[in-house]
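Below is one structure, written out as structure tokens, with a few remarks after it.
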Amino acid sequence: MDWPELYHFLFETYGGIGVLFLVTLVICLIACVFMERRTRRIYKNHEKTEDDWSFFDDDDEEEEAAGK
């Protein structure tokens, strides 16, 4: 497959546009998870309240069970 065919598929067909959309969605989700984990490491001393919400609630349960 050469570049003009790839360009035609990605930008001029419904299937190609769908592929671009899905790839963009996956990249954004990976970036969000990476940034969330990084933020949790930076603000690890934050005292939790009832109003706090976490995308990774399962991590909190594991830390409590380990006694951290």
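Along the sequence shown, residues are numbered consecutively beginning with 1.
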Exercise. Could you point out which residue of Ile30, Leu22, Val23 forms a side-chain contact (heavy atoms from CB on, under 4.5 Å) with Val26?
Key: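 Of the listed residues Ile30, Leu22, Val23, the side-chain contact (heavy atoms from CB on, under 4.5 Å) partner of Val26 is Ile30.
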Quiz item: Going from CZ on Phe11 to CG on Leu6, what distance comes out if it is rounded to the nearest 0.5 angstrom?
Solution: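 Output value for this atom pair is 8.0 Å.
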Practice problem: Say whether Leu20 and Phe9 are linked into one hydrophobic cluster, either directly or through other cluster members, by side-chain heavy-atom distances under 4.5 angstrom. | Solution: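 Leu20 clusters together with Phe9.
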Self-check item: Same apolar cluster (I L V M F W Y, side chains within < 4.5 Å links), Tyr7/Trp3
Solution: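 In one cluster: yes.
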Quiz prompt | Val19 versus Leu10, closest heavy-atom pair with distance | solution = CG1-CD2, 4.4 Å
